[in-house]
Every structure is written in structure tokens, then in C-alpha cells.
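A short write-up of the structure that comes next.
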Amino acid sequence: MATTPPTRSPELRKDPVTNRWVIFSPARAKRPSDFKSKSPENPNNNSSSCPFCIGNEHQCAPEIFRVPPDPNWKLRVIENLYPALSRKLDHPNGQNDDSSSELSGLGRVVPGFGFHDVVIETPVHSVQLSDLDPSEIGDVLIAYKRRIEQIKQFDSIKYIQVFKNHGASAGASMSHSHSQMLSLPIVPPSVSTQLNSMKEHFNQTGKCSLCQVQSKDLLINETSHFFSIAPYASSFPFEIWIIPRDHSSHFDELDNKKAVDLGGLLKLILKKMALQLNNPPFNFMIHTSPIKVTDSELPYSHWFLQIIPQLTGVGGFELGSGCYINPVFPDDAAKILRELNVPI
């Protein structure tokens with residue numbers, strides 16, 4: 001007669017990178033291996049009206065660059081047709097900070113100058129990022145780097161967020177595979193909080209919190225230059241971080257060789273996530289240092305790529321407290337993904 005394995009007791013964990021408390025409560029959920037997306041993403045294969053498909057370039061906002069620079073492109077970087085910020089506003093010589101912003105009785109105001117770009121990852125509508133080979137995914141990553149280097153020339157830009165929304169419930173308005181880049185005239189509070197949390201860990205231990213994180217129980221897969229883990233205090237079930245082995249503060253320090261290496265690991269992780277979790281909608285975000293990070297901050301600031309499959313919702317407790325409830329312990333999630341074999 002089969003016996004039910006004992007349920008682990010709830011516990012609270014604080015993440016040394018995000019400075020966020022997470023409640024792990026496995027009794028609230030089924031077995032970790034039974035987690036599946038309730039709304040798997042099924043891309044729309046109707047490319048005739050899709051402006052991101054090759055041949056429909058005239059339907060898009062202005063192009064910034066394409067790779068290669070000829071009609072048979074493999075990826076394009078374009079302006080967002082509906083940008084969150086305006087690249088046409090006047091910007092006061094890079095002084096969009098507390099000294100130049102306006103303070104009223106209601107709060108502080110900074111002009112909405114910035115860049116909102118779209119990276120079209122493939123010319124073919126039915127092809128997803130995980131379908132590309134490692135070198136092609138590497139080309140997408142190098143496109144991010146190239147655009148970051150262009151935008152860094154504007155002194156008023158303080159932070160550049162690279163992100164991908166896959167699936168309508170993850171925020172994607174277009175099914176054609178793409179990612180986005182939003183360049184801001186401020187450093188977002190969550191970025192400052194993360195930097196301060198990593199500083200606190202460094203001051204206490206003398207070591208970078210992400211250089212120390214290589215636990216065998218949390219490891220999923222690794223390559224020559226990167227490793228993937230389920231983070232110690234995962235806010236979401238089956239959350240995954242991909243971290244550079246070598247200490248690096250800025251994503252745009254990535255070179256071509258490491259981009260291909262990262263492309264292979266990202267492909268593997270996305271394939272595993274799709275197979276194990278029933279092709280869930282997901283978000284990925286590149287957490288990098290602010291553009292003007294100081295020399296004293298470099299020893300503890302370490303960039304990484306975060307992937308969050310959309311398996312559970314965020315409710316009033318999370319919104320009100322800033323704490324998250326995760327029904328899956330990260331070592332359980334890591335073991336399931338680590339032992340999953342996926343043909344590449």
C-alpha cells in the first residue's frame with residue numbers, strides 16, 4: 001500500500017538579493033510534480049496580418065537596426081508603436097534626477113523622456129525563442145547589448161530594463177516572439193532595494209551574494225559560463241534564475257562567446273519549463289546594475305536573468321504586504337527540472 005510522503009512544514013525565507021520575505025507553504029498545494037499551467041500558451045499562427053512578420057515591416061514603428069542589415073533579416077529592433085515613455089521630449093542634459101524634478105504637495109515629477117523598444121526575435125511567426133539554436137538566441141542577447149550601448153550615450157537615462165512577456169496572461173499583446181527594452185530616466189525603487197540588499201550581504205560576509213549562491217540542491221543546469229538555479233527564496237513556484245559564473249555587474253559586458261553559451265542554457269531551461277509545466281505563459285527579466293553604478297558598488301552588484309512561469313496569481317496579501325506565498329520549495333522545483341530530460 002502506497003504511503004503519502006510527509007508534508008514539509010511551512011517556513012519563511014528572506015532573499016539576500018531582493019530583500020523580500022517569502023512564505024513557503026507546501027500544504028496549500030498539490031505535489032510539486034503535479035504543477036501545470038491551466039492556460040497553456042498556444043501561439044496564433046496567423047501571420048498574414050502580423051506586423052512583426054517578414055514582409056510586413058511597413059506596418060511597424062520605425063526601425064532602429066536589423067541583423068543582418070539586409071531584406072532577409074533574422075531579428076529587428078524597432079521603436080514601440082505605443083511607447084510608455086517618449087523619446088521626443090526635451091531632456092535636460094542628463095539631469096533627470098531629484099535635483100531637476102519638480103516637487104509638489106502630491107509628489108515628485110520627472111519628465112517622461114525615455115526609450116521603449118521592441119526586439120523582434122525571429123522573422124517567422126510560428127517560431128518561438130526556444131525554437132532558435134543557441135547562436136541565434138545569442139544574436140538576440142547581443143542585440144540587447146548593442147541597443148543598451150546606444151542608449152547609454154544619453155546621460156538622462158539611468159536604468160534599462162530588458163524583459164520578455166510570453167503569452168497573453170503574462171502581458172504579451174502580440175503572439176509573434178518578441179521582447180522589449182524600456183529605458184528610464186530614474187532608477188526604479190526595486191533596483192535600488194536590490195542593490196542595497198546585496199550591499200548589506202557584502203558588508204556582512206565580504207562576498208557577493210550571487211557568487212555564493214551555487215548550492216547543489218538548488219542547481220538545475222550549468223554550462224561553462226552560467227548556471228541556473230531555483231532561488232533560495234523563490235517568490236513564485238518554479239521561478240528560475242540564470243547567473244553568470246564570473247562576477248559581472250552589467251549585462252552589456254556579455255561577449256559573443258558567452259552569449260552563445262547563455263543562449264544554449266536559456267533554450268534548455270525554456271524547453272524544460274514548457275515540458276514540465278504544460279507550456280505556461282512566462283516573463284523573463286534581465287536584472288542589471290544602474291548605468292551609473294559607482295566603483296564602490298561593483299564588488300557586490302551581479303546581473304542575472306529571472307524567469308517566472310505564470311502558474312499562480314498574486315492576491316491581496318502579496319499586494320498589501322510585499323511578501324509572497326509559494327507552495328513549492330525551490331529544492332523540490334530544482335530537482336524536478338534537473339532530472340527532466342529534454343531533447344534539444
Side-chain angles (χ1 to χ4, degrees), residues 13-22 119 129-130 137 140-141 144 148 159-167 169-172 179-182 184 187-195 197-198 201 208-215 218-223 225-245 247-252 254 259 262-263 265-274 276-277 280-290 300-312 314 318 322-324 326 328 330 333-334 337:
R13 295 183 179 183
K14 187 179 183 183
D15 191 300
V17 176
T18 65
N19 201 41
R20 177 183 290 161
W21 281 98
V22 179
V119 179
L129 184 65
S130 59
I137 299 176
V140 173
L141 298 170
Y144 299 156
I148 289 171
Y159 191 77
I160 303 173
Q161 181 65 67
V162 178
F163 63 99
K164 178 177 177 65
N165 303 330
H166 174 79
S169 61
S179 38
Q180 299 182 62
M181 304 178 67
L182 193 51
L184 303 166
V187 176
S190 62
V191 176
S192 298
T193 298
Q194 180 174 298
L195 203 57
S197 182
M198 297 172 90
H201 182 90
C208 165
S209 54
L210 285 180
C211 290
Q212 275 194 301
V213 81
Q214 299 184 46
S215 164
L218 301 177
L219 182 68
I220 302 172
N221 290 98
E222 57 187 333
T223 64
H225 300 288
F226 297 89
F227 60 96
S228 59
I229 62 164
Y232 173 75
S234 313
S235 296
F236 303 94
F238 290 89
E239 177 181 344
I240 301 162
W241 291 4
I242 300 179
I243 304 170
R245 286 189 184 279
H247 184 81
S248 176
S249 297
H250 292 282
F251 169 79
D252 57 302
L254 187 74
L262 176 56
L265 183 55
L266 180 56
K267 177 183 177 72
L268 175 61
I269 292 298
L270 292 178
K271 288 285 190 183
K272 284 193 169 190
M273 193 172 69
Q276 177 62 39
L277 304 176
F282 68 84
N283 306 96
F284 82 51
M285 295 73 65
I286 294 175
H287 296 269
T288 187
S289 298
Y300 55 80
S301 59
H302 192 140
W303 76 265
F304 65 99
L305 190 153
Q306 178 188 30
I307 307 172
I308 300 177
Q310 295 294 328
L311 300 170
T312 57
V314 174
E318 288 84 359
C323 299
Y324 285 75
N326 188 343
V328 180
L337 292 173

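- A donor and an acceptor atom, one from each side chain of K14 and N19, are located under 3.5 Å apart.
- Using cut-offs of 30° and 60° on the angle between ring planes, the pair F284 and Y144 is perpendicular.
- L219 and I229 get closest at one heavy-atom pair: CA-CG2, 4.1 Å.
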Problem - Pair Y300-H201, side-chain contact (heavy atoms from CB on, under 4.5 Å): steps then yes or no - result: CA-CA 8 Å; Y300 55 80; H201 182 90; over 6 Å; no

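- Side-chain atoms of I242 and L262, non-hydrogen and from C-beta on, do get closer than 4.5 Å to each other.
- Rounded to the nearest 0.5 Å, atoms OG (S130) and CD1 (I137) are 7.0 Å apart.
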Exercise for the section: Go through the steps to decide whether L268 and I220 satisfy the test side-chain contact (heavy atoms from CB on, under 4.5 Å), and finish with yes or no. Expected result: CA-CA 10 Å; L268 175 61; I220 302 172; over 6 Å; no

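- A distance-only check finds no donor-acceptor pair linking the side chain of S234 to the backbone of P330 [under 3.5 Å].
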Exercise for the section: For the pair L210 and W303, evaluate side-chain contact (heavy atoms from CB on, under 4.5 Å) and give the outcome as yes or no after the intermediate values. Expected result: CA-CA 9 Å; L210 285 180; W303 76 265; over 6 Å; no

Practice task
Please report the C-alpha distance between L265 and H225 in whole Å, then the side-chain angles of each, then the deciding distance to 0.1 Å, and finally whether the side-chain contact (heavy atoms from CB on, under 4.5 Å) criterion is met.
Solution key: CA-CA 10 Å; L265 183 55; H225 300 288; over 6 Å; no

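- R20 contributes no side-chain N or O that, together with a main-chain N or O of Y324, makes up a donor-acceptor pair within less than 3.5 Å.
- Looking at T288 and V162, their side chains never come closer than 4.5 Å, going by heavy atoms from C-beta outward.
- What you find for H302 and I243 is that their closest heavy atoms are NE2-CG2, 3.7 Å.
- Between the Q180 side chain and the V119 main chain, no donor and acceptor come within less than 3.5 Å of each other.
- Side-chain N or O atoms of S197 include one that pairs as donor or acceptor with a backbone N or O of P16 at under 3.5 Å.
- Rounding to the nearest 0.5 Å places CZ of F282 at 4.5 Å from CG of L270.
- Taken to the nearest 0.5 Å, the CG atom of N326 stands 8.0 Å off from the CD atom of E239.
- A distance of 12.0 Å separates NZ of K272 from CZ of F238, quoted to the nearest 0.5 Å.
- In terms of heavy-atom proximity, P237 sits nearest to L311 at O-CD1, 3.7 Å.
- Of the inter-residue distances, the one linking Q161 atom CD with M285 atom CE reads 7.5 Å to the nearest 0.5 angstrom.
- Put simply, the side chain of Y159 never gets that close to the backbone of L182: no donor and acceptor are under 3.5 Å apart.
- Closest of all the heavy-atom pairs between I240 and S228 is CG2-CB, 4.3 Å.
- Note: N283 CG to S179 OG = 12.0 Å, rounded to the nearest 0.5 Å.
- Counting only distance, with no hydrogens or angles, the side chain of S209 and the backbone of M198 share no donor-acceptor pair below 3.5 Å.
- The two residues P280 and H166 make their nearest non-hydrogen contact at O-CD2, 3.9 Å.
- In terms of heavy atoms, A259 sits closest to L141 at O-CD1, 3.5 Å.
- Distance alone, capped at 3.5 Å, is enough to place a donor-acceptor pair between the H247 side chain and the S301 backbone.
- Side-chain contact between L305 and F251 is absent, with no heavy atoms from C-beta onward closer than 4.5 Å.
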